[in-house]
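Chain identifiers are assigned alphabetically (A, B, ...) following the order of the sequence lines, protein sequences preceding nucleic acid strands; residue numbering begins at 1 within each chain. All of these numbers come straight from a predicted model, not from anything done at the bench. Below, all heavy atoms of this structure are taken into account, side chains as well, without hydrogens, waters or symmetry copies.
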Number of protein chains: 2
Amino acid sequence: MSELDRTIHEPARLRILTILSGVDVSDFNFLFSTLGLTKGNLSSHMDKLEKAGYVEVRKSFNGRVPHTEFVITDAGRTALSDYWREIDAIRSLHGKGGD
Amino acid sequence: MSELDRTIHEPARLRILTILSGVDVSDFNFLFSTLGLTKGNLSSHMDKLEKAGYVEVRKSFNGRVPHTEFVITDAGRTALSDYWREIDAIRSLHGKGGD
DNA sequence: TCCCCAAGGGTGTGTTACAACCGCTCGTGG
DNA sequence: CCACGAGCGGTTGTAACACACCCTTGGGGA
């Protein structure tokens, strides 16, 4: 009965990871405006994802303006697809006998 | 950006509701042994599901032995399928542009 | 030139919510 | 009288989210 990965299960992070799994790279502002989180909140979610090893954070400079980009890691991809597998497993609990 | 129903999103309750959606009726002991939760924990989850109107609790007596059964309500079924719809929506965020 | 403000990208704090566990209870059957 | 079914209540710990604030840079106006 492997438990769902709580790092991923949180809706905000699930959205983030799923988005990242579909693009090569995404920047702070895109996620910020897409997700409707506060910057602080987004920042701490990204922090958590980075600490879990699911995303790589790339800080660059556009001239002198800091620019933060995020890339999903292999571990992140793996964890995400495991997560979806788990979700599907739960979904298919529908139909078990139990009376 | 409708938010996921947190009542359902909790893994234990997601499993419970999904199981209930596939059987006519399920009793306390079945869920207890299936899910591997403590009784107190299971009880409080069921309480939350009942308060949300997602399950109906049927307390009967087998002779004099209390027997508790749970049935998913229409509201529960609706909320659950909405939930799966939402999950699918998130899942399909995969593929949005954002560079 | 100086001033001020906005925007990018955060940090730190506090509140609120809630999951999970434990111990207790209360009734019943053996 | 002991165990079991079923559940309640309290506690603990953690986490999300908001909010307020910070620092830096770029740009506009007087």
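Salt bridge E50(A)/R13(A): absent, no basic N to carboxylate O contact under 4.0 Å.
The terminal axes of the helix from dT1(C)-dA30(D) to dG30(C)-dC1(D), fitted over 5 pairs per end, subtend an angle of 10° to the nearest 10°.
Atom CD of E10(A) is separated from atom C1' of dC17(D) by 9 Å (rounded to the nearest Å). Atom CG in D5(A) sits roughly 15 Å away from atom C1' in dA15(D) (whole-Å rounding). Note: CZ (R13(A)) to C1' (dT14(D)) measures 12 Å, nearest angstrom. In this structure, CD of E3(B) is placed 11 Å from C1' of dC17(D), rounded to the nearest angstrom. Between the CZ atom of F30(B) and the P atom of dG5(D) there is a distance of 16 Å, rounded to whole Å.
Nucleotides of DNA chain C with any atom under 4.0 Å from a heavy atom of chain A span, from 5' to 3', dG8(C) to dA20(C).
Among all heavy-atom pairs drawn from G76(A) and L17(A), the shortest one is O-CD1, 4.3 Å. Here the closest heavy-atom approach between residue K39(A) and residue F28(A) is recorded as O-CZ, 3.7 Å.
Mapping P66(B) and T7(A) onto DNA chain D via the closest heavy atom, the residue that lands nearer the 5' end is P66(B). Heavy-atom distances to DNA chain C give each of R6(A) and N29(A) a nearest nucleotide, and the one nearer the 5′ end belongs to N29(A).
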Derivation of the side chain to side chain contact (heavy atoms under 4.5 Å, CB included) call for I19(B) and L35(B): CA-CA 10 Å; I19(B) 289 172; L35(B) 299 167; 4.3 Å; yes
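With contacts defined as side-chain heavy-atom distances shorter than 4.5 Å, the pair I90(B)/L4(B) qualifies.
Sorted by residue number, the members of residues 38-51 of chain B with any non-hydrogen atom under 4.0 Å from DNA chain D read K39(B), G40(B), S43(B).
Of the residues D74(B), D5(B), T7(B), T73(B), the one that meets the side chain to side chain donor-acceptor pair (under 3.5 Å) test with Y54(B) is D5(B).
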